Every structure is written in C-alpha cells, then in structure tokens.
Trainee: 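Input: one structure, supplied below.
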Number of protein chains: 2
Amino acid sequence: MATIEDVARVAGVSTATVSYVINDTRRVSDPLRLRVLRAMEETNYHPNNVARSLRVGQTKTIGLIIPDSANAFFAEVGRGLQDRSHSRGFSVILCNTDGDPSRESAYIDLLINKQVDGLVFVASGDNAASTRVASTHGVPIVVVDRHLAGIEVDEVVADNLKGAIMATEYLLKLGHTRIGCITGLSDVSPSADRAKGYRQTMKAAGLELDETLIIKGDFQCRSGGFAMQTLLALPSPPTAVVACNDLMAIGAISTACAAGLRVPQDVSIIGFDDIGLAAVTNPPLTTVAQPKYAMGTVAADLLVERIRNPQAPYRRWLLPTELVIRQSCATPIRP
Amino acid sequence: MATIEDVARVAGVSTATVSYVINDTRRVSDPLRLRVLRAMEETNYHPNNVARSLRVGQTKTIGLIIPDSANAFFAEVGRGLQDRSHSRGFSVILCNTDGDPSRESAYIDLLINKQVDGLVFVASGDNAASTRVASTHGVPIVVVDRHLAGIEVDEVVADNLKGAIMATEYLLKLGHTRIGCITGLSDVSPSADRAKGYRQTMKAAGLELDETLIIKGDFQCRSGGFAMQTLLALPSPPTAVVACNDLMAIGAISTACAAGLRVPQDVSIIGFDDIGLAAVTNPPLTTVAQPKYAMGTVAADLLVERIRNPQAPYRRWLLPTELVIRQSCATPIRP
DNA sequence: CGGCGAGTGTTAAACGTTTCAGCCCTCAAC
DNA sequence: GTTGAGGGCTGAAACGTTTAACACTCGCCG
C-alpha cells in the first residue's frame with residue numbers, strides 16, 4: 001500500500017504538504033494541491049488511519065457492549081447507534097456479552113486497549129455493573145436501557161414506569177379487574193420499573209394486589225409460555241395479563257391458544273417493546289412501544305458530545321413510551 | 001494513560017523487556033518478569049493496541065458490511081460472526097448499508113483506511129457488486145449469503161435451491177397441486193435460487209407452471225401481505241403458497257386471516273429462514289431453516305484462514321437447509 | 001587460557017501519520 | 001537599499017509499540 005511518503009515523492013513535495021491537502025488543514029497553493037491530488041490518484045493512496053490515530057490520539061471508533069445483537073430490541077438500538085455514529089464520523093465495534101459480567105469486563109478492557117474514543121454499554125443487572133462502568137479509566141461511556149445505581153454517568157432509558165402504567169390503565173379501562181403480570185428479572189431496572197408500574201396502577205385503582213397473579217419470567221419467549229401456564233392453572237385465572245416484554249407476550253399468546261383459549265376474546269394480553277413482528281403476530285399485539293432506534297441515536301449523540309467535552313455535566317435522557325393498540329386486548333366477556 | 005515506557009522506568013528495565021513479558025515472546029528471567037508484572041499493576045498499564053497495530057501491520061479487526069443488522073436474519077449471522085471472530089482473536093466493526101451500493105463502497109473504503117485485516121460482505125444484488133468486492137486492494141474478503149458472479153472469492157451460502165425444493169415437495173406430498181409462490185427480488189442469488197427450486201419442482205411433478213401464481217415481493221413483511229391479496233383475488237386461488245422468506249410468510253398469514261381464511265385449514269403457507277419468531281407465530285410457521293448462526297461462524301473461520309494464508313485456494317461453503325415442520329401447512333380440504 | 005554458544009538484557013530503528021518550528025521567498029513600506 | 005511582514009513550503013520530532021541487532025556474562029570444551 002502506498003504511504004504518504006510515496007505520494008510526496010511522486011508529487012515532488014514534502015509529506016507535510018500532502019498531509020495538509022488531505023486534511024485541508026492549511027492553505028496550499030493551487031498548483032501544488034493539484035499535483036498532490038494527482039499523485040494520490042496515481043499511487044492509489046489510502047490514508048492509514050491507525051498511524052493517524054496513533055498520532056492524534058483519536059480512533060474515531062466507539063465500542064458497543066450489549067447482551068445480544070440478535071435480540072430484536074437490542075438489534076434495533078444498535079442499528080440506531082450505528083447509523084448516527086457513522087454520520088457523526090465514528091465507527092462502531094460490536095461486542096456481545098449475553099449478560100455475562102466477566103465478558104462485560106473483558107470487552108471493556110479489550111476496547112480500552114483498542115483505544116476507542118467512547119463506549120456505549122447495556123449492562124447486565126448485577127450489582128457490580130456500576131463498578132465495571134467506573135473502570136474505564138476516563139474513557140467516556142454512556143449507559144443505555146438500564147439505570148445503574150450509585151454512579152454518575154450519561155444515561156438514556158425509556159420511560160418504563162409510565163409505559164407499564166399506560167398498559168395497566170388500558171386494561172382497567174377495558175373493564176378488566178383480574179389482571180396478571182409476567183415480569184422479568186428484577187435486577188435490571190426496566191424490568192423492575194415495569195413491574196412497579198403495574199403494581200402501582202393496580203393499587204391506585206383500588207384493587208388488592210394478588211401476588212399469585214405475578215409471575216417471574218426472564219424476557220425470553222419460552223418463559224412467557226410457562227408463566228401463562230401457571231396463570232391459567234389458577235383457580236381463578238386472570239382475564240388479562242401484562243407481559244413485561246413482547247417476546248414473553250408472544251409466548252403467552254401461543255400457550256393460551258394451545259390451551260384452546262381465544263385471544264383477545266377469552267384473555268387479553270399486552271406486551272412491551274413493540275418489536276418489529278408485534279404488528280404481524282396473530283392476533284397483532286397490543287403493546288407499549290419503546291423508541292428503540294431513537295435510544296441508539298440519542299446514545300450516539302450523548303457519547304460524541306461527551307467525547308468533545310469530557311467535563312460537561314452528566315445527562316439523563318428519559319425517552320417516552322407509547323401505547324400502541326392492536327388486537328390482542330379486548331373487553332372481558334365475564335368481567 | 002501509562003505507556004510501556006512508564007512501566008519500564010518503574011520496573012527499572014528497558015521497554016523491550018516489558019514488551020517481551022507482555023507478549024511472552026522471549027524468555028525473561030523470573031525475578032525481572034515479576035518486577036515487570038508488578039510495575040504493570042502499579043502503573044495500571046493498558047497496552048496501546050493502535051501503536052501495536054501500526055508496528056506489526058495487523059489490527060486484529062474485521063469489518064462486517066450488511067444491509068441491516070436489525071433484520072432478524074442478518075442479525076443472527078452477525079451474531080455468529082462476532083462470537084467466532086472474538087474467540088479467534090478478532091473484533092468486528094459493524095456497517096449497515098440498506099443495500100445501497102454507494103454506501104457499500106464508502107464503507108469498504110472506510111474499513112480499508114482503518115486497516116481492517118479482512119472483510120465479510122453481504123452484497124446488494126446489483127451487478128457492480130463484484131467489482132466492489134474486487135476493489136479491496138488485497139484485503140481478504142468473504143462473501144456471505146449471496147453468490148457473486150464472475151469473481152473468485154471465498155463464499156458461504158445456504159443451499160437455497162435444495163431448500164425450496166424441499167418446501168415445494170412437502171406441499172405436493174400433502175396433496176396440494178395448486179401452489180403459489182411469493183418470490184423476492186430476482187437479482188440476489190438466494191431469492192433467485194428459491195424461485196428456481198419452486199419452478200423446478202413443480203415441473204418435475206408434471207404440473208404446468210401457472211405464472212399468475214408467482215408474485216414478486218421484496219422480502220419485507222408487508223409485501224407478503226400484498227402478494228397474498230393478489231393470490232386470493234385470483235379466480236382460482238392456490239391452496240398453498242411457498243413464501244421465499246419468513247417475513248413475507250408472516251405477512252401472508254396475516255392477510256389470509258384478515259380475509260377470514262384459516263391457516264392451515266383453508267390455505268397452507270410455508271416460509272424460509274426460520275427466524276426466531278417463526279416458532280411462535282399463530283399458527284407456528286412451517287418453514288425451511290437456514291443455518292444463520294453457522295453462516296456467521298463459518299464466515300469468520302474462512303476469513304481468518306485467508307488472513308493467515310492469503311494464497312490458499314478459494315473455498316465455497318454450501319450450508320444445508322432443513323425443513324422444519326410446524327403447523328402452517330396441512331392437507332388441502334378440497335384438493 | 002582462548003573461544004564459543006547459550007541465556008538474558010538493552011539500544012535503536014521502524015511502522016505512517018500530524019504538526020510545530022523554522023526557512024525561504026516576495027513584496028510593500030520607508 | 002534595508003527592513004519587516006507574511007505567505008508557502010519543508011524538516012523533523014513525536015505518538016507507543018515491536019523486534020532485529022548487538023552486548024554482556026557464564027559455563028564449558030578443546
């Protein structure tokens with residue numbers, strides 16, 4: 001590969017001049033600039049960004065650490081992040097952790113060694129996550145989707161509490177009173193917030209909280225099915241259930257149908273996330289949408305702002321959630 | 001950030017020695033090695049990989065260029081690629097093109113400037129794609145999912161032809177004779193191969209090919225719905241349809257249900273890909289599975305082999321597809 | 001006792017950029 | 001004719017590593 005020196009030789013100038021025309025960082029007279037450009041063509045010159053990075057101390061690269069890029073939710077966030085990062089001049093290195101804390105810190109180390117300019121991190125929920133975030137030795141980091149306690153950092157999260165409240169209120173308004181809830185693992189904040197929203201709304205409606213109606217899932221499709229089985233086996237099963245994410249909602253619908261129930265006639269099910277396929281499940285899923293793509297773009301913006309200005313005050317973005325009504329919820333037949 | 005020089009100073013040795021213990025690339029006596037390790041601790045040393053890369057001419061990074069990382073299929077491929085690459089010591093930079101040729105070449109240039117050691121590329125189907133692949137100036141590249149004509153390169157593709165044959169034969173075996181097909185854009189090879197498999201099998205079964213039963217889609221969910229509308233509006237609609245991917249199959253099911261038909265009783269629909277949610281649609285989707293994750297891991301393997309040995313003969317991996325029978329296909333009521 | 005090889009350490013060049021400091025012009029002003 | 005200013009270009013240091021080449025110390029053998 002041709003180097004800047006080859007270009008300089010061909011053009012009959014110094015490497016400094018070549019650099020100046022490449023980066024447009026100082027006036028160069030027109031005849032010379034032309035000769036340089038021609039020489040670049042001729043030698044098929046591609047600037048070596050790693051040499052550049054070494055010199056200027058910036059790689060124009062950020063790291064994305066997420067549990068699973070194949071998960072519809074994270075995939076969408078990642079897409080938003082990549083798009084916006086690119087338009088801001090940054091590339092992104094993708095790292096999957098499956099929520100494993102040891103892989104999280106391994107990737108953090110790796111990325112720091114690679115001299116990324118910043119990190120966006122969807123942390124697993126364990127209580128040491130905060131300390132991992134703090135271990136970046138000054139590399140800017142923004143935390144997405146999950147709130148981490150006890151640490152000052154840029155954050156972008158969806159308004160999960162409000163979302164769960166909207167979902168529950170919607171079911172109440174339809175006339176349901178016996179409403180179940182399939183939660184996620186309690187140590188990640190979105191999951192906890194959604195469960196909280198459900199509880200809070202039920203209480204506010206003057207309904208006593210039946211703990212047997214609250215089943216713990218793990219955000220995977222399958223667990224929604226199991227939870228639904230448990231709920232249906234109850235002496236007095238719920239007429240509606242709020243699932244804390246779409247995958248579990250879909251699993252729940254699947255199980256309900258297999259049990260011979262009709263959704264929404266016999267049981268209403270509402271999800272959370274609004275993943276792409278929620279619109280085309282059968283029945284189409286009523287759910288509360290998270291601004292997944294926007295979470296990615298906002299994270300990118302937040303991160304490059306911080307890279308530009310490391311001492312700016314920390315910011316926390318709370319993005320709105322939205323109820324999207326489709327066909328998986330209806331008025332109960334026997335209220 | 002501490003440099004190797006800081007470590008050397010603290011340990012009272014030369015930077016060479018520090019480098020040797022870090023990389024374990026030459027014997028160093030135990031007492032010295034210990035002093036060095038201690039000094040690394042003390043200074044909280046993180047090796048600077050961009051300096052290293054500049055020196056050794058390797059970044060241990062590969063680029064992934066795909067249409068859309070949020071698409072379930074590509075997301076899974078990407079996941080496989082990232083996992084395997086990481087275990088082979090490589091990081092991956094993610095680039096989304098939405099199938100836009102100009103973005104494809106822009107990303108290729110960017111990644112080359114970043115000195116990636118290799119590229120994996122899911123090309124858009126346009127006929128200049130091959131020349132883009134050839135424009136990497138010697139950077140190893142492996143092409144995934146889509147066959148590119150007129151160019152020698154490592155490839156990993158699924159056996160789409162065989163898959164489509166299996167799908168069509170399955171419907172024939174169930175007793176269908178009037179079978180429709182929703183294809184994708186014809187200029188990408190998987191799409192073309194699937195349509196070919198369908199045609200070929202119908203002909204082999206001695207059925208005349210009714211071109212009105214073949215509708216062109218675009219692999220998006222919505223287009224499956226439109227195609228289904230067209231098919232249902234036919235004077236003599238098909239009793240079964242093979243959709244060339246799952247998204248279109250799901251769209252088709254959705255439309256069929258909306259039209260009051262029951263799947264599979266009134267119309268059978270088979271998909272292609274076996275994306276994650278195919279198992280939990282209503283009804284669960286019968287489809288032919290592609291080894292998506294494996295395509296990613298194989299691509300990673302192929303690429304690092306080529307990086308190791310640039311003059312090895314080119315290889316083409318044809319990964320098997322597999323019929324997975326669920327509940328969206330059945331024997332026709334009126335054959 | 002001279003010399004040789006093995007073992008362990010250091011010196012310094014090289015990787016390809018960017019950018020500071022300085023040099024050489026030219027030209028205007030006096 | 002001298003001076004000063006400023007425009008345009010170059011030389012070379014620096015970024016943080018790796019690694020070839022060399023230096024020193026032993027122990028051993030002829």
Side-chain angles (χ1 to χ4, degrees), chain A residues 1-37 39-40 43-61 89 110-117 137-139, chain B residues 1-37 39-40 43-61 89 110-117 137-139:
Chain A
M1 287 261 247
T3 77
I4 202 174
E5 209 156 347
D6 298 326
V7 177
R9 194 175 327 110
V10 170
V13 300
S14 72
T15 62
T17 303
V18 178
S19 174
Y20 290 134
V21 351
I22 292 175
N23 302 302
D24 198 20
T25 176
R26 238 181 67 170
R27 253 211 78 65
V28 172
S29 67
D30 282 347
L32 231 49
R33 135 173 286 110
L34 236 64
R35 258 164 54 202
V36 168
L37 290 175
M40 287 172 55
T43 55
N44 198 338
Y45 174 67
H46 278 260
N48 182 325
N49 271 348
V50 357
R52 169 167 226 285
S53 291
L54 176 59
R55 174 60 223 234
V56 305
Q58 270 215 44
T59 52
K60 288 292 186 181
T61 303
L110 175 64
L111 291 169
I112 287 181
N113 290 356
K114 279 196 179 287
Q115 308 290 114
V116 294
D117 297 332
H137 308 110
V139 177
Chain B
M1 283 261 250
T3 77
I4 203 174
E5 209 157 347
D6 299 326
V7 177
R9 193 176 327 110
V10 170
V13 300
S14 72
T15 62
T17 303
V18 177
S19 175
Y20 290 136
V21 350
I22 291 174
N23 302 302
D24 199 20
T25 177
R26 233 182 72 171
R27 252 210 80 63
V28 0
S29 67
D30 282 348
L32 231 48
R33 136 172 286 111
L34 236 64
R35 257 166 54 203
V36 169
L37 291 176
M40 288 173 55
T43 55
N44 199 337
Y45 174 66
H46 278 260
N48 182 325
N49 272 348
V50 356
R52 170 169 225 286
S53 291
L54 177 59
R55 172 61 220 232
V56 304
Q58 271 214 42
T59 53
K60 288 292 186 181
T61 304
L110 175 64
L111 290 170
I112 287 181
N113 290 356
K114 278 197 179 287
Q115 308 289 116
V116 294
D117 297 332
H137 307 111
V139 177

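Note on naming: letters A, B, ... go to the chains in the order of the sequence lines (proteins, then strands), and numbering restarts at 1 for each one. Since this is a predicted model, take the numbers as computed values, not measurements.
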Trainee: Between the side chain of D117(A) and the main-chain N/O of K60(A), is any donor-acceptor distance below 3.5 Å?
Mentor: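 Side chain of D117(A) to backbone of K60(A): a pair is present.
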
Trainee: Between T17(B) and dG9(C), is there a contact of a side-chain N or O with OP1 or OP2 at under 4.0 Å?
Mentor: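 Checking T17(B) against dG9(C): no side-chain N or O falls below 4.0 Å of OP1 or OP2.
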
Trainee: How would you summarise protein contacts on nucleotides 12-18 of chain C per nucleotide, using B for base, S for sugar-phosphate only and - for none, with heavy-atom distances below 4.0 Å?
Mentor: -BBBBBB

Trainee: Atom CG of D30(B) and atom P of dG7(C): how far apart are they, to the nearest Å?
Mentor: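 Roughly 15 Å, once rounded to whole Å.
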
Trainee: Any N/O pairs under 3.5 Å between the protein and nucleotides 22-26 of chain C? List them or say none.
Mentor:
none

Trainee: Considering only NZ, NE, NH1 and NH2 on the basic side and carboxylate oxygens on the acidic side, decide whether D30(A) and R35(A) come within less than 4.0 Å.
Mentor: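 A salt bridge is absent here (no side-chain N lies under 4.0 Å from a carboxylate O).
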
Trainee: With the side chain counted from C-beta on, respond yes when R9(A) and T3(A) share a heavy-atom pair under 4.5 Å apart, and no when they do not.
Mentor: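 They are not in contact (no side-chain heavy atoms under 4.5 Å apart), so the answer is no.
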
Trainee: Given atom CZ of R27(A) and atom C1' of dT10(D), what is their separation to the nearest angstrom?
Mentor: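 Taking CZ of R27(A) and C1' of dT10(D), I get 17 Å after rounding.
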
Trainee: Would you check if the side chain of T17(A) reaches a backbone N or O of V13(A) as a donor-acceptor pair within less than 3.5 Å?
Mentor: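 Answer holds: no.
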
Trainee: Can you check the R35(B) CZ to dG9(C) C1' distance for me, whole Å?
Mentor: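 It works out to 11 Å between those atoms.
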
Trainee: If an axis is fit to five pairs at each end of the helix from dC1(C)-dG30(D) to dC30(C)-dG1(D), what is the angle between the two, to the nearest 10°?
Mentor: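 So the angle between the two local helix axes works out to 70°.
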
Trainee: Is the closest side-chain heavy-atom distance between P31(B) and L34(B) below 4.5 Å?
Mentor: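 Side-chain contact under 4.5 Å: no.
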
Trainee: Atom CD1 in I22(A), atom OG in S19(A): separation rounded to 0.5 Å?
Mentor: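 Those atoms lie 6.0 Å apart.
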
Trainee: I'd like to check D6(A) versus Y45(A) (side-chain heavy atoms, cut-off strictly below 4.5 Å). Are they in contact?
Mentor: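 A side-chain contact is absent here, since even the closest heavy-atom pair is not under 4.5 Å.
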
Trainee: Keeping T59(B) on the side-chain end and Q115(B) on the backbone end, is there a donor-acceptor pair under 3.5 Å?
Mentor: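 Yes.
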
Trainee: Ignoring hydrogens and angles, tell me if any N or O in the side chain of N48(A) forms a donor-acceptor pair with the backbone of A51(A) under 3.5 Å.
Mentor: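 Looks like yes, one N/O pair under 3.5 Å.
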
Trainee: May I have the step-by-step check of side chain to side chain donor-acceptor pair (under 3.5 Å) for K114(A) and S53(B), ending in yes or no?
Mentor: CA-CA 9 Å; K114(A) 279 196 179 287; S53(B) 291; 5.9 Å; no

